[in-house]
Amino acid sequence: MLDVRQDAEYAAGHLPGADHLELGALRAHELADGPRVVMCGHGERAMSAASLLERAGHRQVAVLVGGADDWAKTTGRTLTQGA
């Protein structure tokens with residue numbers, strides 16, 4: 001899971017074990033290839049990140065529908081806080 005929200009959004013609550021890299025700092029060519037799910041607050045930034053990754057040659061990219069709060073409500077699990 002790659003969370004592309006801003007630092008403060010990520011620190012306020014993110015999926016346990018999620019990697020974090022703000023969308024503006026994403027350099028798709030520097031990321032290791034492999035399956036990746038991208039997420040943000042609602043999906044817009046995640047779609048942009050997925051597009052960047054795909055243009056850089058990453059083939060196994062998916063976008064989480066919704067955001068961290070939606071995931072927590074759907075799964076009944078707690079978000080992790082802090083950086």
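Since we're looking at a predicted model, the values are computed, not measured.
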Side chain proximity check, Arg45 to Gln6, heavy atoms < 4.5 angstrom
yes
Quiz: residues 59-72 side-chain donor-acceptor pairs under 3.5 angstrom, not counting sequence neighbours:
residue: Arg59; atom: NH1; partner: Glu54; partner atom: O; Å: 3.2
residue: Asp70; atom: OD2; partner: Gly67; partner atom: N; Å: 3.0

Using side-chain contact (heavy atoms from CB on, under 4.5 Å), reason through Asp3 and Asp19 one step at a time and then give a plain yes or no.
CA-CA 6 Å; Asp3 190 325; Asp19 293 323; over 6 Å; no
Side chains of residues 30-43: which donor-acceptor pairs under 3.5 Å do they make with residues two or more places apart or in other chains?
residue: Asp33; atom: OD1; partner: His58; partner atom: ND1; Å: 3.2
residue: Arg36; atom: NH2; partner: Ala32; partner atom: O; Å: 2.7

For the residue pair Leu15 and Leu79, establish whether any side-chain heavy-atom pair is separated by less than 4.5 Å.
yes
Locate the shortest heavy-atom distance separating Pro16 from Thr80; write the atom from each residue and the value.
CA-OG1, 3.5 Å
Got a sec, which pairs hit ring-ring contact (aromatic ring centres under 6.0 Å, His included) with one end in residues 3-28, sequence neighbours left out?
Tyr10-His14, Tyr10-His20
Hey, does Ser51 have a side-chain heavy atom less than 4.5 Å from the side chain of Met47?
no
